There are 2 protein chains.
Amino acid sequence: MAVTMNDVARAAGVSLKTVSNVLNDYEFIRPSTKQRVHDAIAELGYEANLTARSLRSGKTRMLGLVLSDLSAPYYAELASRLMTVASRRGYRVLVEQSGGAADNELTALQGPFRQLTDGLLFTPLAMDADAVAARRGSKPVVLLGEHILDPRFDVVTMKNEEAAEAVTAHLLAGGRRRIAVMGAHAEESAGSPGLRLKGYRKALDEAGIVFDPALVAPCGWRRDGGASAVAGLLDSGVPFDAVFGLNDTLALGAMHELLIRGVSVPQDVAVAGFDDIAEARFASPSLTTVSPGMDEIAERSVGLLIDRIEGLKPEDDGVHVEAGFVLTVRESAP
Amino acid sequence: MAVTMNDVARAAGVSLKTVSNVLNDYEFIRPSTKQRVHDAIAELGYEANLTARSLRSGKTRMLGLVLSDLSAPYYAELASRLMTVASRRGYRVLVEQSGGAADNELTALQGPFRQLTDGLLFTPLAMDADAVAARRGSKPVVLLGEHILDPRFDVVTMKNEEAAEAVTAHLLAGGRRRIAVMGAHAEESAGSPGLRLKGYRKALDEAGIVFDPALVAPCGWRRDGGASAVAGLLDSGVPFDAVFGLNDTLALGAMHELLIRGVSVPQDVAVAGFDDIAEARFASPSLTTVSPGMDEIAERSVGLLIDRIEGLKPEDDGVHVEAGFVLTVRESAP
DNA sequence: CTGAAAGCGCTTACAG
DNA sequence: CTGAAAGCGCTTACAG
C-alpha cells in the first residue's frame, strides 16, 4: 500500500506525532529532528493522505463555488480567476452549477456539497436573502455578485447601479434619447437586473428624460435572449436609438440581430453591455461596456472567505465589498 | 456534533453494519429492518460523512479535469457539460488549470490532485504520450481532445484531421485559393494543431493546390493571437483570400482585425474556425466553423472513465472514441 | 521539544 | 440476513 506517516516515523526513528508536527510546521522542533523526518519523507516518497487529514481535522481545503452555468463567459472567467487566487493560498475550488434554479441552489447550500468544502462562494440567483440566511449552515459563506445590503452576510459585489448609470449617461452624452434596456422587467427591483435598471433610470432622471417602460425588454441573460428581445422590439415598431444590454452576452446577441436586420451599429443604434468579457473587445464592432472589477472581486472574495475559514477575521457583522468599475468605450457606442 | 451512523443504529435498534448495508443498497435486508433504518435516518436528519466514507473506501466520487484555462470558451463549455454528465452518475468534477505548462500538467498528474479524484480527464497540451504513460499512476485516466493513437490510453477525441479537411474543402469550393492557416507552424505535426494542419494540407492536395508555408501563421489559440497573426500577414503583403483559424477564438480575433483594417468578410477574405463555441453563431458576420461533437465527447469520456473506475470495463487495451463532426456554414464563409 | 493513546465516521472482511 | 471487531491514516488533546 501507500507509504504512511507511520512508515516515516519508523524510518526517522521518531514518533508519529513528531512527523505530524514537522508536516504542520509546528515551531518547536529540533532542527536535527526535522531534518531526519524530511530525509525519511524524501527517501520513502511519502505523501500525506488528504482524506485522512480531512476526516480528523474537519477541513478539506476546498472552497465551494455555486453559480448558474460555467459555460456563461462571465462565470467562466470569474471561476478561472477564483481558482487561481484560491490556489495561491493552498485551496482548491469545487464548482456546482445551479442553472439559476432555487432547488439546486438550496441543494448546494444544504446538501453534501457543503461537507466537501470549508466555505462557500455563492451567487444566489433564485433564493432571496432571508432564504439564504435560514439555510446558510455553520460554515462561512460569501455572497458574490449580488448586492444584498444585509448585515447578516459577507458580500463581494460590483457597483451595479453606479456602473449602469455610467453606461446610460455615456449613451445619453452621445446624443441617444431612446435607450432600450434588455434583460429586465420594467418593474424589476431585485438582484443585479433590478440594480442595473435602477442605475439606468437614475441616469435618465439626471438628464430629464422620462422613463418609457416600452423600452424595457425582459429576456434571459444570454445571446439568444438578447437577439429575441431586440427582434421583438423591432417588430413592435417602438423606436429606439440605443440598446443597453444588462450583460455582455445578451448585448452581443442583440447587436447580432440588429446587424442581420440591416440596422447599423452604432450609426442607427448604439449598443452597450455590462461585464467586459474577453469577447467584447474583439466583437465587430467592438462592444462598449463596463468592467466591473473582476480581479478585485476574485481577490477580495477568496481572501475574505479564507480569512473567515481560518478564523483570521473576527466574527463581526458581514463585510461588504464593492469593487470599482471602469467604463470601457469602444466602437459600438463611441 | 453531527449525527453519525452510530446514532442511527441505536435509534433503529440495529448494528452499525446494518445501517451501512441499507445506505449502500445491499440486497438482502429484511424490508422491515430497512424501513426502521430509513425512519431513524429521517428522524435524526442523518447525512453520511463523505470524508469518512472516502477514507475507508478509497473512493472520492470525484473526477479530475485537467485543462489549460477554464476561461477559454471551448473549455468552459466542455467543463460545464462534463459536470452535468458526471453528476447524473453521482460524480463531481474537480478542475485543475494547467495553463498548458508541462510542469503544471505533471503536478496535476502526480500530485495531491490525484488523491482527491477517482480518475482523470486529461487534456495533455505540453506532455507527450510517453511522458504521460510514465506518470499516469494507477487510477484510470482518459485523454481528452488529443489524438494520441496509442493503445496504452483511453482517448476520447474529435476528428481533427477530417474536420479540418472539410473546412478547407468548403473554402476551396467557395473559390478561395490562398487560404491562410492561423495557429500552427508550417511543420507542426503533433497534437490538435498538427492534425488540423494535416487536414488542411490534405484538402489542398485533393484540389491540386500547392501548399505555401508563407500562409501558415503560428499564434496562440486565443483572440489576440489570431488578431496579431492576421495583422502580421497583412503587413507582410502575402496575398490571401481566406483565413482558417485552428480554433474559433483565434478565428474571431482574426476576423476582428480584418474588419478593423477595412478588409470585408467574406467578400475580400472568408473566415472559418473550429469548435463552434456559442459565440460563433452570434458573431458578425457569424462564423463558419465545425462542431466537433462536444456533447458526444462529454458523454463518452465521462462514461468511459466511470466505467473504468467502477470496474465495469475490462482492463483491456485503450478504448479510442472519435466523436462525429458537423460542418456549420455561416456568413463568414458561405 | 517529543511520545503514547484516542478517535474522526465510515466500510470491510469475517463470522454466524 | 445481521453483528462485533478491526482499521483506513491522519490530528488532537493530554502528558511529560
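None of these values were measured; they are calculated from a predicted model. First the proteins, then the strands, lettered A, B, ... as listed; each starts at 1.
A gap of 23 Å separates the P atoms of dC1(C) and dA13(D), to the nearest Å.
Nucleic acid contact class of Thr33(A) (heavy atoms, under 4.0 Å, all strands): sugar-phosphate only. Counting any heavy atom pair closer than 4.0 Å across all strands shown, Ser54(B) reaches no nucleic acid atom. Counting non-hydrogen atoms under 4.0 angstrom, Leu16(A) reaches a base of the nucleic acid.
Under the Watson-Crick or G-U wobble criterion, with both distances below 3.5 Å, dA15(D) is paired with dT2(C).
The side chain of Ser57(A) places no N or O atom within less than 4.0 Å of a non-bridging phosphate oxygen (OP1 or OP2) of dC10(D). The shortest distance between the side-chain N/O atoms of Arg56(B) and the OP1/OP2 oxygens of dT12(C) is not below 4.0 Å. Contact annotation: Ser15(A) side-chain N/O to dA4(C) OP1/OP2 distance is not under 4.0 Å.
Between Asp295(B) and Arg300(B) there is no salt bridge, since none of the side-chain N atoms of the basic residue sits less than 4.0 Å from a carboxylate O of the acidic one. Remark: Arg88(A) engages Glu299(A) in a salt bridge, criterion side-chain N to carboxylate O under 4.0 Å.
Here Lys17(B) pairs with Asn21(B) under the side chain to side chain donor-acceptor pair (under 3.5 Å) rule; sequence neighbours left out.
Nearest-nucleotide positions on DNA chain D place Leu55(B) closer to the 5' end than the other of Lys17(A) and Leu55(B).
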